[in-house]
Asks: 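Below are the structure tokens for one structure; questions will follow.
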Amino acid sequence: MQHPDIKAREDVVRTADSLVACWRGRSPKVHCITNVVAQHYTANALLAVGAIPSMTLSAEEIGAFVTRAQSLLVNLGTFDPERRAATQIAVDAAIEHHVPWVLDPVFIDRSPSRAAFARELVTRSPAVVRLNAAEFVALSDAQPTPEALAAYARDHGLVVALSGETDLVTDGTRLAAIANGHPLMAKVTAMGCAGSALVAAALAVEQERWRVAAAALLIMGVAGEVAAAETDAPGSFGVAMIDALYRMDDDLLRVRARVS
Amino acid sequence: MQHPDIKAREDVVRTADSLVACWRGRSPKVHCITNVVAQHYTANALLAVGAIPSMTLSAEEIGAFVTRAQSLLVNLGTFDPERRAATQIAVDAAIEHHVPWVLDPVFIDRSPSRAAFARELVTRSPAVVRLNAAEFVALSDAQPTPEALAAYARDHGLVVALSGETDLVTDGTRLAAIANGHPLMAKVTAMGCAGSALVAAALAVEQERWRVAAAALLIMGVAGEVAAAETDAPGSFGVAMIDALYRMDDDLLRVRARVS
Amino acid sequence: MQHPDIKAREDVVRTADSLVACWRGRSPKVHCITNVVAQHYTANALLAVGAIPSMTLSAEEIGAFVTRAQSLLVNLGTFDPERRAATQIAVDAAIEHHVPWVLDPVFIDRSPSRAAFARELVTRSPAVVRLNAAEFVALSDAQPTPEALAAYARDHGLVVALSGETDLVTDGTRLAAIANGHPLMAKVTAMGCAGSALVAAALAVEQERWRVAAAALLIMGVAGEVAAAETDAPGSFGVAMIDALYRMDDDLLRVRARVS
């Protein structure tokens with residue numbers, strides 16, 4: 001019998017390998033509702049791995065875009081009545097057409113009305129909620145222990161992907177801990193948003209959401225390490241991350257993965 | 001007598017040479033209605049060649065900006081009632097003050113309401129319509145053969161600039177085929193939008209729209225090749241493109257131009 | 001007795017040293033109302049020096065963000081009724097909670113309605129107004145002589161920071177002239193906006209506004225020179241500026257400062 005940690009690692013690495021190949025081969029369409037600051041970098045990250053981003057927020061046409069997409073990202077980083085209305089339409093379309101979607105409740109710890117909206121969205125079956133520790137507290141009123149994350153995932157029937165020094169991904173029964181990444185990732189705006197977009201891109205090509213969420217975050221983390229091997233400052237690091245995502249391969253993932 | 005292909009090449013290269021010099025010497029003002037994802041990269045591309053971009057979308061002041069600009073870009077990548085109203089005001093101002101304008105009907109193949117709006121805008125005398133094959137089909141209900149492009153250009157009194165592996169530019173009688181460029185250009189968001197912005201910048205300094213549209217696309221394509229000689233990944237490629245536009249010169253254009 | 005120029009230089013350099021340390025040590029929160037073109041670059045510049053940017057423009061939550069921030073930037077580069085309403089709420093919150101704020105009246109020379117709004121905002125006690133020569137003329141109806149700048153600063157109880165080949169910073173009695181910087185800074189979109197954001201970040205950690213405004217502009221200018229030592233083209237220059245801001249240190253400031 002294999003050690004469970006080794007099995008989890010193998011599982012996630014294999015899924016990450018497969019994601020890289022599927023993105024390049026299938027060019028999945030990913031619709032992103034994301035904040036203005038993040039749109040440019042997020043679009044470039046998605047293009048780098050092989051996905052096709054679209055980003056319209058117009059209430060009039062967002063339904064059509066989501067319907068034709070293979071997945072949807074809802075990032076709350078820009079938040080106003082118009083954006084909120086577009087989000088409702090997009091989520092309606094996603095549910096009706098079985099398009100998996102990811103919720104990234106950016107900065108809900110800084111704005112009560114945003115937190116309330118995020119709680120409402122959680123009832124509408126996102127496949128994955130990706131957030132940091134402060135945002136988890138604002139969403140769940142619980143501290144982000146592995147047990148609390150698992151309980152939240154079970155109660156809401158979704159995968160929780162918590163970003164931090166070590167990313168934690170749980171569907172309520174399984175837990176993956178991904179220790180890859182680099183501190184410079186926190187010095188580039190939209191890096192977290194781009195990570196959530198990769199999770200959405202992952203759901204666009206594979207169904208098993210716990211595994212693909214963990215695999216997408218592994219790919220981000222490894223890309224961060226590759227970029228940090230090239231530079232020690234955030235301007236060139238942001239550029240090098242996009243290059244690293246584009247060049248990602250099996251060997252890098254196998255050698256570098258720190259998953260348990 | 002010169003071979004016609006050689007003549008077209010010479011014509012377009014000479015115009016491109018002249019554009020590079022005029023942009024640097026005259027700093028033309030180019031107002032851009034463009035999608036949020038593309039604004040940053042488009043502004044940097046225009047600054048790199050020597051133009052002065054402005055990008056306000058406010059209905060209240062867009063007329064004043066267009067009136068003082070030497071050309072206008074209308075990119076439909078972000079599309080909502082407010083943006084549409086601003087576009088109408090901008091085009092009114094452009095027509096009244098003889099400011100040439102370029103239409104880039106982004107993603108009209110993905111949204112019927114956007115396609116309808118693009119068709120309406122075509123009746124308002126854009127100098128150039130720049131689009132890809134799928135967008136041409138959505139606009140014209142015809143396949144993008146050279147004959148169909150020429151017929152569309154004649155019927156609507158405009159220049160069609162079709163982007164693709166080989167760009168095709170026609171005013172209904174003349175056809176330029178530009179084979180420059182690099183596949184990495186499709187891996188950087190806003191690259192097409194930046195190309196359309198260069199066409200607008202070209203119209204800001206020279207009147208002959210067929211020639212300048214072809215020349216602007218030649219400049220983009222050559223910049224793409226120069227950038228691809230420096231890197232093989234899209235993050236650094238996007239940066240290198242801006243550098244290449246800034247450094248563009250006669251020799252590069254003459255040596256690299258593949259125009260027929 | 002020290003020569004006054006040497007004293008001013010020493011003062012500004014020491015303040016700049018202190019800013020670099022404080023930003024890294026305290027991670028001040030800076031809320032930015034800025035135009036869409038500039039948001040991404042501005043956020044990365046703030047992150048590079050150690051500050052934490054937020055950028056929401058939603059009327060519903062901007063008050064909460066400003067209240068929890070240590071300073072506020074109001075850049076008029078995007079201007080519409082919604083943005084204007086959000087600006088009023090943000091400035092109200094800044095005044096109520098003693099959050100210092102910076103006004104950057106972008107392009108008011110191109111739009112009368114924007115100029116009128118800027119004049120109204122000046123009555124609401126910004127700590128610093130940062131602008132270029134054409135914008136100063138539109139704001140004050142005076143030519144940007146050192147005397148006119150000083151008179152304007154005194155009359156309105158604020159610091160004027162005029163950008164140009166040499167930046168001039170005055171509180172009405174003292175005048176700092178900062179000759180650092182590089183022409184490529186004008187070839188990268190949002191560079192001026194990022195400079196104003198650094199002034200806001202400076203006010204977030206130190207109270208003496210004349211000194212910190214001059215010090216923040218010195219840091220920008222030195223970063224520009226460091227970046228220009230690495231490249232001669234604007235794409236890579238924009239990236240190198242962010243790297244240079246991140247790596248800024250005492251030695252660079254002391255060796256390079258040209259302040260009088």
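Keep in mind that this is a model prediction, so the values were computed, not measured. The chains referred to below are lettered A, B, ... by the order of the sequence lines, with proteins before strands, and numbering in each begins at 1.
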Asks: Enter the distance from B:Lys187:NZ to A:Ile242:CD1 here, rounded to the nearest 0.5 Å.
Replies: 12.0 Å
Asks: Please give me the minimum heavy-atom distance between A:Ser54 and B:Phe107, naming the atom from each residue.
Replies: CB-CE1, 3.9 Å
Asks: Run the side-chain contact (heavy atoms from CB on, under 4.5 Å) test on A:Gln39 and B:Thr189 for me, step by step, so that the C-alpha distance in whole Å, both residues' side-chain angles and the decisive distance to 0.1 Å come before the verdict.
Replies: CA-CA 10 Å; A:Gln39 287 189 338; B:Thr189 196; over 6 Å; no
Asks: Could you verify whether a donor N or O on one side chain and an acceptor N or O on the other, from B:Ser236 and A:Asp243, lie under 3.5 Å apart?
Replies: yes
Asks: Please determine, among B:Pro81, B:Pro112, B:Ser111, the option with the most heavy-atom pairs under 4.5 Å with chain A.
Replies: B:Ser111
Asks: Relative to chain A, which of B:Ala186, B:Pro234, B:Gly238 shows the most heavy atom pairs under 4.5 Å?
Replies: B:Pro234
Asks: Sort B:Asn35 into side chain, backbone, both or neither according to what part of it lies under 4.5 angstrom from a heavy atom of chain A.
Replies: neither
Asks: Measuring from atom OG of A:Ser58 to atom CZ of B:Arg83, what distance do you get when rounded to the nearest 0.5 angstrom?
Replies: 10.0 Å
Asks: Below 4.5 Å from any heavy atom of chain A, which atoms of B:Val37 appear? Answer side chain, backbone, both or neither.
Replies: both
Asks: Check for a donor-acceptor pair, side chain of A:Arg68 on one end and backbone N or O of B:Arg110 on the other, with a separation under 3.5 Å.
Replies: yes
Asks: Quick one: are B:Val36 and A:Met55 in side-chain contact, heavy atoms under 4.5 Å?
Replies: no
Asks: What are the two closest non-hydrogen atoms of B:Leu184 and A:Tyr246, and how far apart are they?
Replies: CD2-OH, 3.6 Å
Asks: Under 30°, 30 to 60°, or over 60°: which ring-plane class applies to A:His40 and B:His40, parallel, tilted or perpendicular?
Replies: perpendicular
Asks: Which residue out of A:Glu60, A:Glu82, A:Met241 racks up the most heavy-atom pairs below 4.5 Å with chain B?
Replies: A:Glu60
Asks: I'd like to know if the side chain of A:Asn44 and the backbone of B:Val188 have a donor-acceptor N/O pair within less than 3.5 Å.
Replies: no
